[in-house]
Amino acid sequence: MILTSLLRQDSGKRPSVLAGVSLFCLLLSCLISLPGCKDNTKKKGGGTKTGAANPAAEQEDPECHSYIDNAINMMQPERMGISSTLTGALSLLNEWAGMCGKFDSEPPTLKDSQRTFLKKYLSEEQLAKLELTRFTEIDGKFIRDSQLFNGMVTAAIEGKKNDRDRATAAFYYCMNNIDLVPDAKNALPLGPYEICVIGSGSAKQRAWVFIDLMRQLRIDAVLFEAAKPAPYKLLVGVLLEDKIYLYDPVLGMPVPSPDQPADTIQIQIPATFAEVQKDPALLKNLYGKYAESRFSAEELKTAQVEIIGRSCEWASRMRRLEDSLSRKQTFVLYRNLDPLEGDPGFIGHVQSIGKGILKENPLVVSEYADQEIDKSEAVTGEEAKKLALVKLPFRAPVPYDVKGRKENAQGFFEVPWGSPTKKLLKTRITQLMGNQSAAIKSYVSTRLEERFPVDLVVPPDIRQMHVLAAQNAAYFMAIGQFIQGEYASAARSFDTFLRHRFYIHRDGQGKWLGRSLSVMFHMAIADAESDKLNSAIFSLSENEKHSPEAMQPAFAYFSERWKTIRDNNKKK
């Protein structure tokens, strides 16, 4: 990747096309409201919001605000790539940077003291990305993603009273929306937006998205990873007050706390790093006979601690932009790695948490996020074909003109086909942003759109697009019901999914594959939550050996947990 700043356009001779785009977008912005409804005030250790209450930002030229507002509107997840382009949004943003952001007279580059500090943790390439003085395509996608994460976390935490419960709710929202690819080798290289939309990712990809959701709450989170790579030795640590709460992105559940009530179907209270060190059995009890392939308390004590994020998240240009956002734009763009205005910074927070409880753990600012983004932009060959197939259904449906039909020599009808409407994509974003009811209704109609008249000539690619769209809609509909707590309905929908064999269920060794693994696991939880404990226990017990190694501890743990709950209920 070549790191060059975009050339500054002469602010005295603004291109007429930008003025036209700006005026057009200004009109549109009057009709569009932005998501975000929570308080983004300062949280301990999570950075400081300076933009919304920044007097300087309030006194800026209205034209400067219009550039930002229009660009941000164009980069909303429900618009970018659907009804607006990234190119137009970046043009407006870079016009703002030159005219209003003082990027030329006061470049958003590192000070010598910052550079000296950050050189200990960042590569030369990361440092170079931090010092870009114009917004790039990667920045634009990050801004879109941040708005998506803000909407997701706002939906997830509704009604939660404290940060621990908010973190746990956000974790489950993330895990439920992104099913596990058990073998990371089979995971496609995707950016966070694609991971969320497609709803599938490796354990580390799921951890990455969860950590990004936490950033929208101004809560720091890190990834614990074994020094010697091991596929299932991954835990996310959420830093709250003086504690580190642990979540397993492989199993999709928190590490159970000793305070977790024994009669709950799912785990709601995560254990802390300190609790695990005090009582190593907390991890042993979770992983059971599969503990050898998972973190032990002793290994966790010296595991590598990774700060995960795209380089632009630590860049001064993002701080300047966030400082200039209007009050209605409450999403987070920036987190300082180094000390800033009384905040010790992300690195300092990790080092000081729990009175230095992580002092034995090597700390790195990972390049994982940047590398994954680069890979997703450079896929070729068979991997590109797989990716195109996975994305294909999100273009559906394709409309056709019945009035223009013509009968061919074989007695079938041919019709003019329109452009893909991307309805499934729009619906999926609606679901991710929290409107489950509207999404479920749309998924029902999407499933019906798979059916064409028997005498209609349907091009193979269009038919395949609609078939795959119907399969995805059936799965996402069940997930929506599950997220809403409609467990009985969700269980029926999951069962229908399996009976219709939308996906190949098992591989040559009898292991569950594709969505079917997620369906099997979620259906068991839904049955358990619906007081059908015998059915849920039987499902997990019988399928433990057929589940991939990645998920076997969860199957074993919940089947035993639910047996205890069932037996205790009988004694009452």
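Hydrogens, waters and symmetry mates play no part in the numbers below; they use all other heavy atoms, side chains included.
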Fill in the blank from the handout: Here the pair of heavy atoms bringing Trp208 nearest to Leu190 is CZ3-O, 3.8 Å
Completion exercise
Taken to the nearest 0.5 Å, the spacing of Glu78 CD from Ile429 CD1 works out to 7.0 Å
Handout entry: Interatomic distance, Tyr172 atom OH to Thr168 atom OG1 [nearest 0.5 angstrom]
Key = 7.5 Å
Exercise for the section: Examine distances only and state if a side-chain atom of Ser202 and a backbone atom of Ala184 form a donor-acceptor pair shorter than 3.5 Å. Expected result: no
Exercise for the section: Give the intermediate values and the outcome of side-chain contact (heavy atoms from CB on, under 4.5 Å) for residues Leu321 and Asp139. Expected result: CA-CA 11 Å; Leu321 178 58; Asp139 295 333; over 6 Å; no
Handout entry: Check: Lys426 side chain, Thr421 main-chain N or O, donor-acceptor pair, under 3.5 Å
Key = yes
Problem - Smallest separation among heavy atoms of Met214 and Ala170, with atom names - result: CE-CB, 3.6 Å
Exercise for the section: Answer yes when Glu322 and Arg218 have at least one side-chain N-carboxylate O distance shorter than 4.0 Å, and no when they do not. Expected result: yes
Practice task
Answer yes if the side chains of Arg428 and Gln431 hold a donor-acceptor pair under 3.5 Å, and no otherwise.
Solution key: yes
Problem - Spacing of CZ belonging to Phe135 relative to CG belonging to Leu90, to within rounding of 0.5 Å - result: 9.0 Å
Exercise for the section: Please examine the side chains of Met318 and Ile143, heavy atoms only from C-beta on, and report whether any two atoms are closer than 4.5 Å. Expected result: yes
Problem - Working for salt bridge (charged side-chain N to carboxylate O under 4.0 Å, His left out), residues Lys386 and Glu383 - result: CA-CA 5 Å; Lys386 290 180 183 178; Glu383 201 166 50; over 6 Å; no
Practice task
Report the relative orientation of the aromatic rings in Phe482 and His522; use parallel for angles under 30°, tilted for 30 to 60°, perpendicular for over 60°.
Solution key: perpendicular
Problem - Tyr245 side chain reached by Pro254 side chain, heavy atoms, under 4.5 Å - result: no
Problem - Check: Pro249 main-chain N/O paired with Arg206 side-chain donor or acceptor under 3.5 Å - result: yes
Problem - Closest approach of Ala187 to Val181 (non-hydrogen atoms, all atoms of both residues) - result: N-CG1, 3.8 Å
Practice task
Answer yes or no: is there a side-chain heavy-atom contact under 4.5 Å between Ser518 and Tyr475?
Solution key: yes
Completion exercise
Taken to the nearest 0.5 Å, the spacing of Arg515 CZ from Ile479 CD1 works out to 8.5 Å
Completion exercise
The reported gap from CE in Met465 to CG in Leu389 (rounded to nearest 0.5 angstrom) is 11.0 Å
Handout entry: Exercise: do Ser146 and Glu313 side chains pair donor with acceptor under 3.5 Å
Key = no
Problem - Residue Gln371 excluded, over 12 heavy atoms near CD under 6.0 Å - result: yes
Handout entry: Pair Asp461 + Arg395, salt bridge at N-O below 4.0 Å
Key = no
Practice task
Verify the distance criterion only: is there a donor paired with an acceptor across the side chains of Ser445 and Lys423 at less than 3.5 Å?
Solution key: yes
Exercise for the section: Give a yes or no on whether the backbone of Arg335 and the side-chain of Arg215 come within a donor-acceptor separation of less than 3.5 Å. Expected result: no
Exercise for the section: Show the numbers, then the answer: is there a salt bridge (charged side-chain N to carboxylate O under 4.0 Å, His left out) between Lys204 and Glu372? Expected result: CA-CA 11 Å; Lys204 194 165 185 177; Glu372 287 296 292; over 6 Å; no
Exercise for the section: Kindly indicate whether the side chain of Tyr173, heavy atoms from C-beta on, has any atom under 4.5 Å from the side chain of Met152. Expected result: yes
Problem - Evaluation steps, side-chain contact (heavy atoms from CB on, under 4.5 Å), between Val222 and Phe346 - result: CA-CA 10 Å; Val222 296; Phe346 201 157; 3.9 Å; yes
Handout entry: Parallel, tilted or perpendicular, as decided by the 30° and 60° cut-offs, for the rings of Phe103 and Trp96
Key = perpendicular
Practice task
Could you tell me which residues satisfy side chain to side chain contact (heavy atoms under 4.5 Å, CB included) with Ala438, sequence neighbours excluded, listed by chain and number?
Solution key: Thr430, Asn435
Problem - Which atom of Ala439 lies closest to which atom of Thr427, heavy atoms considered - result: O-CG2, 3.5 Å
Completion exercise
Closest non-hydrogen atoms of Thr85 and Met74, given as atom of the first, atom of the second and distance, are O-CE, 3.9 Å
Completion exercise
Heavy-atom closest pair (Asn472 atom, Pro393 atom, distance to 0.1 Å) is ND2-CG, 3.6 Å
Handout entry: Asp220/Ile353 under side-chain contact (heavy atoms from CB on, under 4.5 Å): CA gap, chis, key distance, verdict
Key = CA-CA 11 Å; Asp220 288 336; Ile353 190 77; over 6 Å; no
Handout entry: Backbone of Glu63 reached by a side-chain donor or acceptor of Ser66 within 3.5 Å
Key = yes
Problem - Lys422 side-chain N/O to Gly81 backbone N/O, donor-acceptor pair under 3.5 Å - result: yes
Exercise for the section: Say whether, by atom type as modelled, one donor and one acceptor occur between the side chain of Tyr334 and the main chain of Arg317 under 3.5 angstrom. Expected result: no
Handout entry: Check: Tyr368 and Leu223 side chains under 4.5 Å, non-hydrogen atoms
Key = no
Practice task
Would you please test Ile178 and Cys196 for side-chain contact (heavy atoms from CB on, under 4.5 Å) and show each step?
Solution key: CA-CA 6 Å; Ile178 306 172; Cys196 291; 4.2 Å; yes
Practice task
Side-chain contact test, heavy atoms from C-beta onward, threshold under 4.5 Å: evaluate it for Asp370 versus Glu125 and give yes or no.
Solution key: no
Problem - Check: Asn177 and Phe476 side chains under 4.5 Å, non-hydrogen atoms - result: no
Handout entry: Arg115, CZ: over 12 other non-hydrogen atoms inside 6.0 angstrom
Key = yes
Fill in the blank from the handout: So CD of Glu137 and CG of Leu86: to nearest 0.5 Å the spacing works out to 5.5 Å
Practice task
Classify the side-chain pair Glu194/Ser376 by whether it contains a donor and acceptor separated by less than 3.5 Å.
Solution key: no
Handout entry: Any donor-acceptor pair under 3.5 Å from His349 side chain to Pro344 backbone
Key = no
Problem - Check: Arg79 side chain, Asn73 main-chain N or O, donor-acceptor pair, under 3.5 Å - result: yes
Exercise for the section: Could you please spell out the steps behind the side-chain hydrogen bond (donor to acceptor under 3.5 Å, both in side chains) verdict for Gln216 and Thr154? Expected result: CA-CA 9 Å; Gln216 290 303 311; Thr154 298; over 6 Å; no
Practice task
May I ask you to test the Val238-Arg164 pair for a side-chain heavy-atom distance under 4.5 Å?
Solution key: no
Handout entry: Flag, side chain of Glu367 to backbone of Gln126, donor-acceptor distance under 3.5 Å
Key = no
